Number of protein chains: 2
Amino acid sequence: MSKGPISKNERAAKGASLPWQDVLNSLPFNKDGLIPAIAQQHDTGEVLMLAWMNREAIEETLNTARVCYWSRSRQKFWRKGETSGQIQKLKEMRLDCDGDTLLLLVDQTGPACHTGRSGCFYNAVRGDRVEVISEPLIDPDSLYKR
Amino acid sequence: MSKGPISKNERAAKGASLPWQDVLNSLPFNKDGLIPAIAQQHDTGEVLMLAWMNREAIEETLNTARVCYWSRSRQKFWRKGETSGQIQKLKEMRLDCDGDTLLLLVDQTGPACHTGRSGCFYNAVRGDRVEVISEPLIDPDSLYKR
């Protein structure tokens with residue numbers, strides 16, 4: 001389905017590889033220059049959040065092993081934890097079959113969510129209600145007092 | 001951060017709830033009327049794929065408990081497994097703190113990926129290479145012969 005270099009991995013055996021620079025140069029960024037990135041806690045498997053990266057954020061994240069997104073609301077780099085201290089260490093960056101989504105396996109310090117909860121997906125659709133299914137780990141006000 | 005009704009859940013205790021219809025009516029669909037949806041295998045925690053949903057796909061998915069996306073490339077509903085037989089049964093739909101991403105806990109029949117692999121995130125960035133880290137469960141050609 002993908003036409004880029006990453007499509008060569010579709011039928012490749014486990015252990016086969018492609019040059020990362022070739023793949024990076026062909027990533028299908030959207031018209032804002034962004035690609036979605038899912039952060040997953042590497043050991044528990046909890047899906048923590050989804051945010052967006054541009055090319056520079058991807059490169060910085062790989063170079064520093066600390067996750068850096070692009071904030072669409074603030075239009076600037078969002079070095080996760082820079083304000084709150086709740087950083088994400090990168091364990092591995094993965095790409096999907098057509099290279100249009102990133103999966104970041106991370107080691108999250110404290111809560112990933114600004115509400116103080118471990119992850120952002122605490123709203124569950126149950127019948128005709130949307131129910132809160134987890135409690136904050138810490139007082140969210142404490143996240144921004146550093 | 002969200003201004004919609006779902007922001008009322010930010011500081012709510014576990015078990016609190018909001019009317020789903022109010023939340024649905026205020027979801028921040030992008031200019032194409034879409035919202036990203038992450039599919040995660042409910043028991044193993046594997047992140048299977050990311051695709052997109054419009055309002056009708058969300059409603060159908062909840063009504064049928066079978067996952068239906070919107071295909072951006074084909075510009076039509078993509079009832080996962082309709083062609084391949086590899087359906088996704090919905091166990092639970094969740095929303096993140098600002099309601100702009102869905103997390104679908106699913107029970108995936110067979111592989112989720114068109115390459116025959118269990119999930120789509122089989123490309124890992126390792127050093128200066130992008131390495132294939134999983135094998136197909138089945139011959140991908142068999143997926144489209146039904």
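To find a chain, count down the sequence lines: A is the first, B the second, and so on, and within it residues start at 1. Predicted, not measured: the structure shown is a model, and the values here were computed from it. Atom set for the values below is all heavy atoms of this structure, side chains included, hydrogens, waters and symmetry mates excluded.
When A/T44, A/L102, A/V47, A/L62 are compared by the number of non-hydrogen pairs under 4.5 Å with chain B, A/V47 comes out ahead. Note: A/R129 leads A/E92, A/R94, A/R129 in heavy-atom pairs under 4.5 Å with chain B. Interface check for chain A: of the options B/G127, B/G15, B/P136, B/A12, the most heavy-atom pairs under 4.5 Å are formed by B/G15.
Linking ILVMFWY residues whenever their side-chain heavy atoms come closer than 4.5 Å, directly or via other members, places A/W78 and A/M93 in the same cluster. Under the 4.5 Å side-chain heavy-atom criterion for Ile, Leu, Val, Met, Phe, Trp and Tyr, A/W70 and A/V106 are members of distinct hydrophobic clusters. Hydrophobic clustering of Ile, Leu, Val, Met, Phe, Trp and Tyr side chains at less than 4.5 Å, counting indirect connections, unites A/I58 with B/V125. Hydrophobic clustering (side-chain heavy atoms under 4.5 Å, transitive across Ile, Leu, Val, Met, Phe, Trp, Tyr) groups B/L90 together with B/M53.
In A/R66, the CZ atom is not crowded: 12 or fewer heavy atoms of neighbouring residues, nucleotides or ligands sit closer than 6.0 Å.
Annotation: residues 116-124 of chain B contacts chain A through B/R117, B/C120, B/F121, B/Y122, B/N123, B/A124 [non-hydrogen atoms, separation under 4.5 Å].
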- prompt: So B/V130 and A/K8, side chain to side chain contact (heavy atoms under 4.5 Å, CB included) or not? Walk me through it.
  reply: CA-CA 11 Å; B/V130 180; A/K8 293 181 198 154; over 6 Å; no
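Atoms CD and CG, from A/E131 and B/N9 in turn, are 9.5 Å apart once rounded to the nearest 0.5 Å. For the atom pair CG (A/L50) and CG (B/D98), the distance works out to 10.0 Å, reported to the nearest 0.5 Å. Distance check, rounded to the nearest 0.5 Å: CG of A/L103 to CE of B/M49 gives 13.5 Å. Atoms CG and CG, from B/D128 and A/L18 in turn, are 11.5 Å apart once rounded to the nearest 0.5 Å.
Shortest non-hydrogen contact noted between B/S134 and A/K14 is N-CG, 4.1 Å. Taking both residues in full, the closest heavy atoms of A/T115 and B/C97 are given as CG2-CB, 4.4 Å, listed atom of the first, atom of the second, then distance.
Proximity to chain B is limited to the side chain of A/I38, based on heavy atoms less than 4.5 angstrom apart. Looking at A/L105, neither its backbone nor its side chain comes within 4.5 Å of chain B, counting heavy atoms on both sides.
Residues satisfying the side-chain hydrogen bond (donor to acceptor under 3.5 Å, both in side chains) test with A/D100, not counting sequence neighbours, are B/R72. For the ring-ring contact (aromatic ring centres under 6.0 Å, His included) test, no residue two or more places apart in sequence or in another chain qualifies with B/W20.
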Report all side-chain donor-acceptor pairs from residues 23-34 of chain A shorter than 3.5 Å, counting only partners two or more places apart or in another chain.
| from | atom 1 | to | atom 2 | distance (Å) |
| --- | --- | --- | --- | --- |
| A/N25 | OD1 | A/R55 | NH1 | 2.8 |
| A/N25 | OD1 | A/R55 | NH2 | 3.2 |
| A/N25 | ND2 | A/Q21 | O | 3.1 |
| A/S26 | OG | A/D22 | O | 3.3 |
| A/S26 | OG | A/V23 | O | 3.0 |
| A/N30 | OD1 | A/D32 | N | 2.8 |
| A/N30 | OD1 | A/G33 | N | 3.1 |
| A/N30 | OD1 | A/L34 | N | 3.0 |

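Distance alone, capped at 3.5 Å, is enough to place a donor-acceptor pair between the B/Q40 side chain and the A/G45 backbone.
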